[in-house]
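What follows is a single structure, written as structure tokens, with notes after it.
In what follows, residues are counted from 1 in the order of the sequence shown.
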Amino acid sequence: MAAAGFLVTLAIFLVSSSSISNAFDNDPLQDFCVAVPDASAAVFVNGKICKNPKQVTTDDFLASGFNTPASTNNSLGFGVKVADVNLIPGLNTLGLTVLRVDFEPDGVVPPHTHPRATEVITVLEGTFYAGFVTSNPTDNTKNKLFAKILKPGDVFVFPIGLVHFQRNVGKTKGMAIVAFNSQNPGVITIGNAVFGSEPHIAPEVLTKSFQVDKKVIEYLESKF
């Protein structure tokens, strides 16, 4: 009986450990693994293959340009500058991506998720309405919204995989720095995924799911 209990405990521990370790990028096994550009890679791996450490330079860990705004000339009124492994090869295997996000007044980052990372936003300029929605409750109650008005100096966390958004509700331009605990957080914009996929999701699925007329679905698809 004692042996059986030990095996059950061990199985639970291994499952729990696996769940925790898969919640973010794996720890590196060396000081650094500077990425080789994909075009130069002979194989595809989970991440990027490593540059010969003897060929690594200081510039592999540097990027410039975050002092200038990203273009916000689009219908949503926001723009992003990305400092990831593609810009800074030295970020490879370190589990980190950083963004500069600029907003016009009323600019909005629409509801979206990051399947592989938790997001932390630090507001430097502007006033933002930001929040996230919980996953479907098991007791058939409604999903809960956690939202806040953020001002310069505020830091807010969006847990991994949850639908979230940001909107500049101030009268001036806004800017924030965003960090992810993954070198490839991924992004799924809800509207694009549901109404802008290629090919389109069958209209019968969407009309039934959203309980609306087919013309409404066609209108929404025309927007994406």
Looking at every heavy atom in both [X] and [Y], which two are closest together, and how far apart are they?
X: R100; Y: A70; answer: NE-N, 4.5 Å
X: F132; Y: V157; answer: CE2-O, 3.6 Å
X: A147; Y: Y129; answer: CB-CE1, 3.5 Å
X: Q183; Y: P185; answer: C-CD, 3.8 Å

Quick check against the 3.5 Å criterion: does [X] have a side-chain atom that pairs as donor or acceptor with the backbone of [Y]?
X: T97; Y: S182; result: yes
X: N74; Y: F78; result: yes
X: D60; Y: G90; result: no
X: D102; Y: G79; result: no

Worksheet item: How far apart are the C-alpha atoms of F128 and F103, what are their side-chain angles, what is the distance that settles it, and do they pass the ring-ring contact (aromatic ring centres under 6.0 Å, His included) test?
Response: CA-CA 10 Å; F128 295 87; F103 294 79; 4.7 Å; yes
Worksheet entry | ring-ring contact (aromatic ring centres under 6.0 Å, His included) between F195 and F210, intermediate numbers included | CA-CA 12 Å; F195 300 110; F210 291 101; 5.6 Å; yes
Discussion item. Please confirm whether the ring centroid of H114 lies under 6.0 Å from the ring centroid of F180.
Written reply: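 Ring centroids of H114 and F180 are less than 6.0 Å from each other.
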Worksheet item: Does the distance from a Lys or Arg side-chain N to an Asp or Glu carboxylate O, for E104 and K173, drop under 4.0 Å?
Response: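 Yes.
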